[in-house]
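These numbers come from a predicted model, not from an experiment. Letters go in sequence order (proteins before strands), and every chain restarts at 1.
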Amino acid sequence: MDELLERKEPTKGLPPLEGAENGVVMRFAPNPNGPPTIGSARGIIVNSEYVKRYGGKFLIRFDDTDPVKKRPMPEAYGWYIEDCTWLEAKPDGIITASERVYLYYRIAEELICRNGAYICLCPQAIFKEFKDKGIPCPHRDQLSEKNMELWKMMLDGSFAEGQAVLRVKTDMYHRDPAIRDWPAFRIATTPHPIAGERYRVWPLLDFESAVEDHLLAITHILRGKDLADSEKRQMYLYQHLNWTYPKVIHWGRIRIHQFGSFSTSKLRKAIEGGEYNGWDDPRIPTVRALRSRGFRPEALRKFIIELGVSETDIAISMDSIYALNRKLVDPEANRYFFVWNPVLLRLEGNVPNNAKALLHPNKKRGFREIPAGNEIFICQNDSKILKPGEEIRLKDLCNIEILSDIPLRARFAGLEVIKGLKIIHWAPKNGLPIRVLRPDGQDEGIGEPGIAQELGKVVQFERYGFVRIYQLGEPLLAYFAHK
RNA sequence: GCUCCGGUAGUGUAGUCCGGUCAAUCAUUCCGGCCUUUCGAGCCGAAGACUCGGGUUCAAAUCCCGACCGGAGCACCA
């Protein structure tokens with residue numbers, strides 16, 4: 001009976017975590033070689049959400065142990081903390097691997113003593129042959145004392161880069177070649193951006209991550225499918241040291257329709273080359289870009305949590321995030337007129353010099369005043385469909401009758417609202433020059449002066465979409481959020 | 001090539017472990033209508049999916065086998 005009722009429970013959001021009843025310790029472990037992207041946001045949000053649900057600790061750990069190929073960016077460490085905090089996932093602890101290499105050395109030595117690892121002097125290509133064939137290399141049977149001696153030589157500089165690695169003993173006959181005796185430490189003499197020249201022997205991800213997860217008493221690991229083999233590899237290390245492995249959940253790759261494929265290193269190049277305005281350019285999928293565009297963290301959290309943690313690869317659309325954010329932002333955003341691709345419209349007759357328009361259509365938030373008069377701007381798109389003789393309404397101003405299309409002229413035709421009349425918006429002749437930066441390009445035009453008072457806020461440009469006022473000036477800069 | 005993982009509407013997702021209540025959930029998108037001095041919001045309605053083929057069973061989205069498709073790992077990257 002209980003079973004039946006249990007099965008009826010709909011699972012909303014994230015599925016329950018096995019073995020989490022007494023709290024969890026979870027970590028988000030990025031390489032700080034750029035700012036967090038939407039992909040990183042998934043790691044930040046899901047981990048922190050589980051910690052919120054079950055109680056415990058949410059840690060951020062910088063896996064920054066490659067000074068060469070995945071070279072960390074010193075500014076990025078702070079960016080991660082900043083974006084985590086903005087995403088309502090302030091870490092309870094910050095760990096930086098490059099500051100803790102000495103701890104990994106201790107574990108390595110323990111491992112060598114227990115005969116769980118050996119120094120391998122095979123050139124990389126040679127070892128690959130052994131591995132593919134499934135036969136132990138000549139160094140595998142070295143005595144633990146010999147390994148310790150060679151290890152010290154690695155540390156003291158007796159070996160050059162590439163001459164020696166420390167390998168964890170797994171099973172050279174394992175059916176999956178990816179699991180066989182994997183490397184734990186290699187020599188890298190390039191100075192590290194944070195640790196400088198303090199270390200010349202650096203751990204590789206599988207070792208660093210496995211050891212840290214144990215040291216930090218991580219209970220549950222969420223990781224991408226690309227690291228699906230890591231548990232199998234690291235399990236051997238845990239067995240050698242008699243540790244207990246955390247519970248692991250994998251998720252599939254995530255692609256975003258609107259952004260296509262991207263990588264942090266590619267973005268970095270494009271930004272350094274001036275192709276983008278920076279790490280918050282609306283055309284790129286970073287968390288800071290979303291912030292600049294006026295997204296609310298709740299929208300992002302909700303979206304990511306609804307994605308769940310399936311192992312299926314997914315191709316998501318920003319549309320869902322847009323819809324979620326629109327719901328949050330619509331009641332807050334003041335309304336303004338922005339005329340893109342403006343064309344001048346000359347008006348005859350007693351056009352009011354001022355218009356009064358609601359700041360919000362259905363919240364009682366008062367009015368804004370817009371200078372009007374006999375010359376105003378309208379969108380080129382609107383102008384194209386106007387025919388002489390037609391009567392339309394300028395929103396919140398007056399009705400007009402079109403006199404001619406080229407040149408564009410019209411005359412005042414009354415103030416009273418007439419149902420059924422086509423309505424267009426407009427901007428004052430001496431309005432604000434505005435440039436809107438969009439994910440798909442940019443728009444330029446004229447807006448009403450009140451927009452300048454909304455710096456940093458999200459507003460709606462009527463008939464255009466929601467934007468965040470990014471920077472005052474000539475022109476004023478706005479970042480487009482969504483329709 | 002070897003190894004692993006996955007395939008529910010356009011997109012995500014629930015259901016798959018423990019077969020029946022699934023002629024399959026929710027959201028988004030699209031379409032139609034209402035409302036509205038925004039093409040926004042809101043309201044109403046509609047459309048749309050179990051990859052395929054076998055097998056087990058009274059009964060299969062759910063279990064088994066095979067095929068197909070997709071992804072990942074096989075780095076001295078993370």
Side-chain angles (χ1 to χ4, degrees), chain A residues 3-4 6-8 10-13 15 29-33 63-66 68-72 97 120 122-124 127-128 131-132 134 161-167 174-180 182-188 201-202 204-206 208-209 223-230 232-233 250 252-255 257 264-265 302-303 306-308 310-324 326-327 329-331 333 335-337 357-358 360-363 381 393-397 399 417-425 460-466 482-483:
Chain A
E3 214 174 285
L4 274 175
E6 218 176 300
R7 284 190 54 199
K8 296 266 183 194
T11 325
K12 22 179 127 54
N31 177 329
N33 60 349
D63 285 348
D64 57 346
T65 54
D66 187 341
V68 184
K69 291 180 188 161
K70 291 264 162 100
R71 192 168 176 78
C120 176
C122 296
Q124 198 172 349
F127 185 82
K128 183 172 164 48
K131 182 177 66 180
D132 288 345
E161 265 185 37
Q163 282 188 333
V165 294
L166 181 73
R167 261 181 217 293
H174 196 287
R175 58 196 312 244
D176 183 352
I179 310 303
R180 298 172 191 160
W182 47 273
F185 284 86
R186 88 304 210 173
I187 299 166
V201 174
W202 286 94
L204 287 138
L205 179 73
D206 268 311
E208 179 271 331
S209 178
R223 58 163 62 117
K225 232 170 47 168
D226 49 330
L227 265 29
D229 286 338
S230 280
K232 277 186 247 162
R233 275 196 288 259
H250 296 123
R253 290 190 82 78
I254 174 167
R255 241 179 48 238
H257 290 310
T264 305
S265 44
K302 195 158 182 232
F303 174 75
E306 280 170 4
L307 243 42
S310 95
E311 261 183 78
T312 317
D313 296 328
I314 53 175
I316 58 170
S317 163
M318 291 295 288
D319 286 348
S320 298
I321 307 183
Y322 293 164
L324 288 168
R326 186 155 43 226
K327 282 188 178 70
V329 127
D330 183 81
R335 268 54 174 178
Y336 292 97
F337 289 158
L358 286 167
H360 194 283
N362 34 30
K363 305 264 163 202
N381 285 354
R393 180 158 186 92
L394 296 173
K395 188 166 188 271
D396 300 309
L397 182 61
N399 307 322
V417 175
I418 300 171
K419 288 264 176 208
L421 229 50
K422 179 178 165 50
I423 299 160
I424 65 169
H425 72 293
Q460 190 202 42
F461 287 168
E462 294 197 28
R463 301 175 71 215
Y464 183 78
F466 293 91
H482 45 73
K483 283 283 301 174

Looking only at side-chain N and O atoms, does Lys131(A) come under 4.0 Å of OP1 or OP2 in C2(B)?
no
At 4.0 Å (heavy atoms only), tell me whether Ile314(A) reaches a base, stays on the sugar-phosphate, or touches nothing.
sugar-phosphate
Tell me whether the OP1 or OP2 atom of G40(B) has a side-chain N or O from Arg335(A) closer than 4.0 Å.
no
Which whole-number value in Å describes the distance from His174(A) NE2 to U3(B) P?
12 Å
Would you indicate what Glu306(A) reaches in the nucleic acid, counting non-hydrogen atoms under 4.0 angstrom: base, sugar-phosphate, or nothing?
sugar-phosphate
Kindly say if Lys327(A) contacts the phosphate of A27(B), meaning a side-chain N or O under 4.0 Å from OP1 or OP2.
no
Heavy atoms under 4.0 Å, any strand shown: does Leu204(A) hit a base, just sugar-phosphate, or nothing?
sugar-phosphate
Of all the nucleotides listed (U11(B), A41(B), A75(B)), which has the minimum atom distance to the side chain of Ser317(A)?
U11(B)
Check if the side chain of Lys70(A) and the base of C77(B) share a donor-acceptor pair of N or O atoms closer than 3.5 Å.
yes
Report, as yes or no, whether the 6.0 Å neighbourhood of atom NZ on Lys302(A) holds more than 12 heavy atoms from other residues, nucleotides or ligands.
no
Taking donor-acceptor contacts at under 3.5 Å, does the side chain of Arg175(A) reach the base of U3(B)?
no
Integer angstrom distance from the C1' of A49(B) to that of A23(B):
13 Å
U37(B) phosphate, OP1 or OP2: any side-chain N/O from Lys419(A) under 4.0 angstrom?
yes
Roughly how far apart, to the nearest Å, are C31(B) and C69(B) at atom P?
34 Å
Work out how far the C1' atom of G48(B) is from that of G42(B), and round it to whole angstrom.
24 Å
Just how far, in rounded Å, is C1' of G12(B) from CG of Asp319(A)?
11 Å
For the P atoms, the ones on A67(B) and on U28(B), what distance do you get once it is rounded to whole angstrom?
41 Å
Could you tell me the separation between the CH2 atom of Trp202(A) and the C1' atom of C76(B), rounded to a whole number of Å?
15 Å
Is there a side-chain contact between Lys225(A) and the phosphate of A72(B), meaning an N or O under 4.0 Å from OP1 or OP2?
no
If the P atom of U8(B) is compared with that of U62(B), how far apart are they to the nearest Å?
13 Å
P-based separation of G7(B) from U51(B) [nearest Å]
9 Å
Does U13(B) have OP1 or OP2 under 4.0 Å away from a side-chain N or O of Ser310(A)?
yes
NZ of Lys69(A) to CG of Asn33(A): how many Å apart, nearest 0.5 Å?
14.5 Å
Determine: side-chain N/O of Arg233(A) to OP1/OP2 of A75(B), distance under 4.0 Å, yes or no.
no
Over all strands shown, is Asp66(A) touching base, sugar-phosphate only, or nothing at heavy-atom distances under 4.0 angstrom?
sugar-phosphate
Taking any heavy-atom pair under 4.0 Å as a contact, classify Ala315(A): base, sugar-phosphate, or nothing.
sugar-phosphate
Looking at G70(B), I'd like to know if its phosphate oxygens (OP1 or OP2) sit under 4.0 Å from a side-chain N or O belonging to Thr312(A).
no
C1' atoms of A60(B) and C18(B), separation to the nearest Å
14 Å
So Ser209(A), base contact, sugar-phosphate only, or nothing? Heavy-atom distance under 4.0 Å.
nothing
Value in whole Å for how far the C1' atom of G7(B) lies from CG of Asp313(A):
10 Å
Please state the C1' separation for the pair A41(B) and C34(B) - nearest whole angstrom.
14 Å
If you check every side-chain atom of Lys69(A), which of A75(B), U3(B), U13(B) has the closest atom?
A75(B)
Nucleotide nearest Pro177(A) (side chain, heavy atoms from C-beta), chosen from C2(B), G40(B), A78(B):
C2(B)
For Gln460(A), answer base if it contacts any base atom (sugar-phosphate contacts may also be present), sugar-phosphate if it contacts only those atoms, and nothing otherwise; contact means non-hydrogen atoms under 4.0 Å.
base
Base, sugar-phosphate or nothing for Gly162(A)? Non-hydrogen atoms, less than 4.0 Å.
base
